[in-house]
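Just so we're on the same page: letters track the sequence lines, and every chain starts at 1. What's counted below: heavy atoms across the whole structure, side chains too, no hydrogens, waters or symmetry copies.
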Amino acid sequence: MSSFDSILLPLDGSLQAAKAVPSALWLAERLHATLHVLHAAPHPLAPANALERLSALAAQRSRTVLHQTKVDPVQAVLEATKQHHVKLVVITARGESASRDVERGRTLGRIARALVVESSVPVLLVPLHDRSVLPWRSMLVAASGDPESDGALAAAARLASALDLRVTVVHVIAEPGSGGLGGYADAAYHELPWRLEEMVKRALLSSSPEDVGRIEGLAVRRGDPITEVIAEVEQRRSSVVAVGWHGDLSPEHANVLLGLLERAAFPLLVVRKPPPPEFRLKVGDEIGPRPDSTEGDHV
Amino acid sequence: MTVAPDRREAPFRAAQGSIAWQVEAEGFDPAREHAIESMFAVGNGYLGVRHVLPLPGAWGDLFVAGVYDRKDEGLAYSELEFLAPERGDSVHVQLEPLPYPLHASVRVEGELLAIPGANARAMRRRLDLRCAVVEVEGVHETEGGRRTRLSSLHCASLADPHVLLQQVTAAAENHWGTIEITSSLFDPVEAHRDPPVVVLEHIRSGDLELIRYATHASGYEVCIAARAFTREDGRDAVVYRRVLAVFTNRDVQDPRAAALARIEQLAADAFDALLGDHERAWREFWEDADIRVDGSPATEQALRFTMYHLRIAVDRDPGASIPGRAFTGRAYEGHVFWDTEIFMLPFYLYTAPPLARNLLRYRRHTLDGARARARSLGYAGACFAWESTVTGEDVTPTRIILKTTRQEIPIFTGTQQVHVTADIAYAVWRYWEATHDEAFLAGEGADLLFETARFWASRVTRDERGYHIRQVVGPDEYHHDVDDNAYTNWMARFNLERAAWLAGSLGSAARPRLGADEPSRWQEVAAGLCCAGPDDRGVIEQFAGFHALEDYRLSPQERFKAPVSRLFHWDKVNRLKLIKQPDVLMLLMLFPEAFPRDVVAANYRYYEPLTDHGSSLSAPVHAATAVRLGLYEDAERYWKQSLWFDLSNRMQNSDLGIHPAAMGGVWQALVFGWLGVRFTSDGPQVDAAPAVRLPAQWRAVALKLAWRGRTYPVARSAEMPGGPP
């Protein structure tokens, strides 16, 4: 059994939301996971035909569990990830609102947005224009060079290993003004391709050899990050793209993610930046001041 | 009842005192792990082992002094991105990284316990500086709540440099599962590491294990034998101890026999005795070398960390010296630089003089290589290589190739950075001054002084103004093909003068080693050598034409970075007033009596703003100079940057090893900067000038310095004239 042994599939009954079902089912089967189907609505569905009503009849299998609740959907989803020790959430970028063709300008629905912003669990976002094909063959990880990429890469490698997928890591050198994925504090000395290789090694330092072995290649592109990632996907025929995520959905910080969701025809695995590792080197300030002093020794 | 302040603070101070004897890391951060591997390395000058956790990506290397091999083209040179492929036919280019020998596994009911890992809790690691032991502890908790406490320690014996000691303890906290501890000298998963040494033999027999390696081209053989002892400690704990013996065919004819003999005779309780010997040897070292900084345990800790690494970098083998990153990492391929004589040697000279002598004997040992090099360049005497290993041949790369882009960067230091020859002579002289080791000076010292003087006398060119040394690189490596570099010329002049003096002093004893009129020739060249002095501003021109270079505005963001882009634009940088590290300021530090304060001040004001500190050697020199000038804000800033250089991974390149030369510079900045120590016929004297004050938190500093066969206590308190304002 892989470490992704519990998958959450929120469904609101819309056809749009149900587009996540095939991916969720495939993942649950391949990962030997329990599939938690969650429906939050004021009026629960009759259990006997709930999955059919949710356009998820195919999910009826021995390791599927249906949860219905009257609690607010956002609250329900967030609680479910904790309650059921969920390791992966599969959801469409928009559900009912897309089906009803409302709020057209929104890339992310309310529930998907809440998951991406507030949950620490990786979220597989199935975009509005998803044309992905199952089974997945390969994964592309978009590495910005920021620390968020580390978490995405390690999680992607772990998932890829469990699914027997090839992984390629791509970094896009953003052209000035194109809204790149990240800046470099050491820009004067930044040797990007080397950094990419070392960043990958650092991110996978505590990964198993099997996970590390999934990384097949490193690619560097130059241009608009959204366009280049899509181009790389098309070139490699990647099935899914993993991105590291810092949790801020404001346009100035999330333009690449939102842009990919709008334009991409493939699912996005969004991996939240892990909490800073618990590490403390007891030198300098860490040794502490004298009890009657106002300041300690500063490194 | 009130408690007197002293009694109230006593427990706190006691706790801080013990904290200042250790560096502790809690938890795990992948981004910092490789630097931790370097910082927590153990060694004894004969060998060094990085401290690694059982992780697939760990850089676990064992280095043995003097064991070099042909260059492996895939191995990085100074930074991970930098390759330096060709080095001709030399088979002594890179210090061979050998496989990590301290693998250990703990299993409970067959399940491998991994720390770090998802089930690891409360992991801490401690480098005990007093005993030079690395300890690791943590708890492994399974999903079902079964808790096992794990702890380990290991060290490289200072008492017996061929011995490594390792202990692993596993104790069940709340279960009765069977605990099994195993170890290995070799991990087959690592077998494809680069460069793979040749495994000649690997056997296990009962509690014995043996492995033999061979280098590919240089003909060295390394043998490691290990013996394990297991005992149960109560019902629920297992203690596993291992003694490893490391020998090479550099030490003995049959390293296999020697390694086996070393461990086969061990009794089950030998471990405690060996550990005790090791701890005793370190106590003796600290007895002479320790520095107390009352009021600043953080400074004490950092200084002890510095001295710990300096001590584990050196042994008594005259056939090897200190690699650029000691035995803690692969950077610079284990090459020996001027770092040893100018930055590190003073520490040994004034705390453990026999070790300083040994470092100079290494240069005597490689004198033939330096002679051959001089001849090949068309000069007389000995021209020491900028980078050398065990033979003295030049192993400096001529170019760096960037791994990913294949861009080439030319390296000029090998052919032009000749000041190392004079640096060695300078170190010989300072050694003699500090020890009055007449036998050394008359023998090996004279060999070095005479041959290096001979080189300078042949290296100079003459015109109507006098003698010149052209087309060199000074300590500032951003500028090449320069003429009359002030540092090089002054050091060469010192070299010539001392050689001439020694020739006269030895009289007839020296004559067989000298050509006709050589000493007078050396004096003539020294007298006529163009050594720039202070101009009307008090500034000494770094080299001929430096003042006419194009101005460059240096931003704060560009400082303290590994100078990658400078190397990309080497041609343009060569035309700028931008320097990598102290050049003229080095001179002022090495000859403090020769330059009055106003000259030091003028040159500091001129050159400090032009320095981007692209070398770890830069900050300590600036700290020492700034103290001398009373520029305390600068002094404290540079002092802190250098003191915690590796502990903070300042230049983000401690992954490939710590910076021992910078550490030597820190020690000098303390002794010759903050304390202003000068040596007289009465021993070391602290500068108690009213203008000099200690950093605010320091109440007092105390240490010992060796001088001419005696050890002197040296102390300075904040209450002395010149204490805190």
Q: List the steps, then state whether side-chain contact (heavy atoms from CB on, under 4.5 Å) holds for Phe279(A) with Ile36(B).
A: CA-CA 11 Å; Phe279(A) 180 80; Ile36(B) 296 290; 3.7 Å; yes

Q. Should we say atom CD of Glu216(A) is surrounded by more than 12 heavy atoms from elsewhere, each under 6.0 Å from it?
A. yes

Q. Checking Arg126(B) against chain A: side chain, backbone, both or neither under 4.5 Å from a heavy atom?
A. neither

Q) So which part of Met39(B) gets closer than 4.5 Å to some heavy atom of chain A, the side chain, the backbone, both or neither? A) side chain

Q. About how many Å separate CG of Leu281(A) and CD of Glu26(B), when rounded to the nearest 0.5 Å?
A. 10.0 Å

Q) So, for Pro56(B) and Ser207(A), which heavy atoms are closest and what is the spacing to 0.1 Å? A) CG-O, 3.0 Å

Q | Under 4.5 Å from any heavy atom of chain A - which part of Leu643(B) | A | neither

Q) Between Gln301(B) and Lys282(A), is there a donor-acceptor pair closer than 3.5 Å when you use the side chain of the first and the backbone of the second? A) yes

Q) Roughly how far, to the nearest 0.5 Å, is the CG atom of Leu204(A) from the CG atom of Leu55(B)? A) 12.0 Å

Q: Sort Ala31(B) into side chain, backbone, both or neither according to what part of it lies under 4.5 angstrom from a heavy atom of chain A.
A: both

Q. So His34(B) and Leu205(A), side-chain contact (heavy atoms from CB on, under 4.5 Å) or not? Walk me through it.
A. CA-CA 10 Å; His34(B) 291 316; Leu205(A) 178 63; 3.9 Å; yes

Q | Residue Arg237(A) excluded, over 12 heavy atoms near CZ under 6.0 Å | A | no

